[in-house]
Amino acid sequence: MSTPYPFTALVGQTDLRLALLLNAVSPAVGGVLVRGEKGTAKSTAVRALSTLLPQVDVVPGCRFSCAPAAPDPGCPDGPHEPGAGTGRPARMVELPVGASEDRLVGALDIERALAEGVKAFEPGLLADAHRGILYVDEVNLLHDHLIDLLLDAAAMGASYVEREGISVRHAARFLLVGTMNPEEGELRPQLLDRFGLTVEVAASREPVQRVEVVRRRLAYEDDPAAFAGRWAGDEDEVRARVVAARGLLPKVVLGDTSLLQIAATCAGFEVDGMRADIVMARTATALAAWAGRTEVRKEDVRQAALLALPHRRRRNPFDAPGLDEEKLDRILDQFPDDEPDHEPEPEPEGPGEGPDGDGDGPDGGGDDGGGVPPQGSGPDAPEAEDDRQPQTGPEQPSEAPEPEPSRQEAEEPEQAAVRASEPFRTKMLSVPGLGEGASGRRSRARTAHGRTTGAQRPRGHLTKLHLAATIQAAAPHQRARGRAGRGLVIRKDDLRQATREGREGNLVLFVVDASGSMAARQRMSAVKGAVLSLLLDAYQRRDKVGLITFRGSTAELALPPTSSVDSAAARLEKLPTGGRTPLAAGLLKAREVLRIERLRDPSRRPLLVVVTDGRATSAGGVEGNPRELSGRSARLLAAEGVTSVVVDCESGPVRLGLAGVLAADLGGPAITLDGLRADSLAGLVKNVRTSSPTLRRAA
């Protein structure tokens, strides 16, 4: 077994270490969600925490880690008589992103259950993590149904396996820790709320701290055992402090003043529900116990708010994480502590703190850490910070007459980026037909979860039994198999897998005209707002959304296909406009992006939305007529079966109808710019099925 990186050797990351230690003191806090950029010691800190947890006593031979003093009466390996147990270290169990449902909750042998009436149960990761740590790296990439199972078990303290009327239950109480990189997508709000605390981490920008990170990392890699030995004393001190805080926790008093501070804070920040109040109360109590006190003070409530509220106050994914500390202080000052002035408490992260910086662990993932920014600031990389700079450039007046397109686009300088209009709630967007893509909440698809539509022979391991089909397959062979009793004689060949229909996630790829003519009519603000709205909808429905813009002589992938609405909002906000209109380049760029995405995820069905007036005034650096090139590019996409829709941005008394011609070449419908409204943009995609001959054939 490899030597883990010492917890006390981590440099900086004060909030991360404190949140983990508070959960070690009081698992009822509800776990930790660690958000941050790659390489910030997230995984290292979690793996190092397991060495600080006290040993647990278990019933010998019990696969579910029952406590010998109070064994679980419903344990599948029971019943157990109270008595002496065997001590072992607390486990840290990792849940892989690609794990199956059976791997998480356990598997029931359906064949033996039907033929013999025996509950042959193989425990899953939830059973392994009982009374330990369950760690989910990249929790935002975990399938929704696994997250639901995971959080239900964490909330109830038990795991249930239900298969065709057969039920198995076992205890599953663990410290839940999840890590995620927000650039790869967000968690749904209801899932965020189920994590007790959240911490934002970022790599330090201070050279001295980064030097200490490298120094400790290299020393650990040269000799892990010797490096861990140098920190053994500090590890023992923190371990003893965790044990002492656990013993003190039941004696901590949460007074009425502290409860009023907690309630006023949650109400002041307009946090939904009551879970935040409960988590804050438990966290403040754990903070007092960690500090060696038996009463909760205002500083405990303040620190609890900074850890428990940032992820609960976000109204939508565009809101930046964090908490207004000045507002927090104003709320808490309304309820001053009754206790007299006291000396400041020692730093809560425990002994062994070295110079500011960070360390890295043995996971090989390059997790090097850094200092923690002030509370309320997120782990924004320099690029994201630049993306959020306000745009102050001039905007083209809408009432100005429109000059000749080619002359205007040839001479007009680049326009400053315009701000997106306010995002809005969209209608249901779906792709026709029955897909087989990733689990989501968008279009109809064959999935592992949903309503049962039929049965088939299992391909590999049986997961969802179709009982009626299984009995029907076995019934004709009962006499030949020598059936003598009442039970059916079931063989493996009789088993049938249920086929189910649910929802999938899709890829919505926008191709947006950002040329000078679009900027002159101030349409970019509405277009950006619409794209942001669909991004918000995609976040809720687990879709991927991409953005291609074309202007001048080239097309650019402004937003690679993603579910990260934070990154999308930043990139869209600074999108510039101006120049000629290389429509063909934009369509060919879309074809290239879709080809690459098809290789990455062949089962995810795309939808192409082209926002343009249909004009083509630039050949995009190749020989040929721009309009003819755009027509050939559109027909190429149609021949490959790409589902498309065109949003016609042309206006004025005289219309050329070029967007309609483009839509016909793409094999999809065209709508006018009036369709680009809050109540109709997403709805137009839903209507594609009835408007497009291509889609009718696909369906």
Side-chain angles (χ1 to χ4, degrees), residues 4-5 7 10-24 27 29-53 91-99 104 125-126 129 132-144 146-147 150-151 154 174-189 191-204 213 307-308 310-312 314 317 321-322 358-373 377-381 563-564 566-567:
Y5 193 90
F7 187 85
L10 293 170
V11 186
Q13 307 293 28
T14 303
D15 288 343
L16 171 58
R17 291 183 293 151
L18 177 59
L20 292 172
L21 288 170
L22 291 177
N23 274 272
V29 167
V32 185
L33 176 64
V34 187
R35 298 164 44 93
E37 60 196 21
K38 53 186 176 294
T40 48
K42 301 188 296 292
S43 301
T44 300
V46 177
R47 293 187 176 102
L49 176 67
S50 61
T51 63
L52 299 181
L53 298 181
R91 292 173 179 163
M92 203 224 40
V93 178
E94 290 195 48
L95 174 61
V97 171
L104 177 63
L125 295 177
L126 292 180
I133 301 174
L134 182 61
Y135 171 48
V136 188
D137 194 12
E138 306 294 351
V139 64
N140 52 323
L141 303 182
L142 202 63
H143 287 300
D144 284 354
L146 292 182
I147 294 179
L150 177 66
L151 295 180
F174 46 81
L175 167 57
L176 177 62
V177 181
T179 59
M180 59 175 284
N181 184 348
E183 295 178 356
E184 297 173 339
E186 291 283 354
L187 280 171
R188 303 197 310 267
L191 300 182
L192 282 172
D193 187 52
R194 299 293 285 272
F195 282 94
L197 310 179
T198 187
V199 178
E200 297 279 342
V201 296
S204 173
V213 170
L307 293 173
H311 61 303
R312 291 185 167 90
R314 301 182 73 186
D358 204 325
D360 193 11
D363 53 327
D367 272 358
D368 51 26
V372 179
S377 62
D380 299 309
S563 298
S564 175
D566 293 337
S567 300

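The figures here come from the full heavy-atom set of this structure, side chains too, leaving out hydrogens, waters and symmetry mates. In this text, all values refer to a predicted model and were calculated from it rather than measured experimentally. Sequence positions, counted from 1, serve as the residue numbers for this chain.
- The two residues Gln13 and Thr40 make their nearest non-hydrogen contact at NE2-O, 3.0 Å.
- Annotation: side chain to side chain contact (heavy atoms under 4.5 Å, CB included) contacts of Ser50 (sequence neighbours excluded): Met92, Ile133.
- Thr198 contributes atom OG1, which lies 10.5 Å from atom CG of Asp15 (distance to the nearest 0.5 angstrom).
- At a threshold of 4.5 Å between non-hydrogen side-chain atoms, the residues Leu18 and Val199 do not count as touching.
- Across all non-hydrogen atoms, the minimal contact from Leu22 to Val29 is O-CG2, 4.3 Å.
- For Ala45, the side chain to side chain contact (heavy atoms under 4.5 Å, CB included) partners at least two apart in sequence or on another chain are Leu10, Leu16, Leu20.
- At least one donor-acceptor pair under 3.5 Å links the side chain of His311 to the backbone N or O of Phe195.
- Contact detail for Val32 and Ala19: the closest heavy-atom pair is CG2-O, 3.7 Å.
- Residues Phe7 and Leu21 meet the side-chain proximity criterion, which asks for heavy atoms closer than 4.5 Å.
- When all heavy atoms of Glu200 and Arg35 are compared, the closest pair comes out as OE2-NE, 2.5 Å.
- Every residue two or more places apart in sequence or in another chain that forms a side-chain hydrogen bond (donor to acceptor under 3.5 Å, both in side chains) with Glu94 is listed here: Arg47.
- Annotation: side chain of Leu95 is not in contact with side chain of Leu146 (no heavy-atom distance under 4.5 Å).
- Leu150 approaches Leu104 most closely through the heavy-atom pair N-CD2, 4.3 Å.
- Contact annotation: the side chain of Asn181 never approaches that of Asn140 to less than 4.5 Å [non-hydrogen atoms, C-beta and beyond].
- Between Ala24 and Leu53, the shortest heavy-atom distance links the atoms CB-CD2, 3.5 Å.
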Problem set entry | Worked check of side chain to side chain contact (heavy atoms under 4.5 Å, CB included) between Leu176 and Val136 | CA-CA 8 Å; Leu176 177 62; Val136 188; 4.3 Å; yes
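- In this structure, Thr179 contributes its side chain and Val34 its backbone to no donor-acceptor pair below 3.5 Å.
- Judged purely by atom type and a 3.5 angstrom limit, Arg17 has no side-chain atom pairing as donor or acceptor with the backbone of Leu49.
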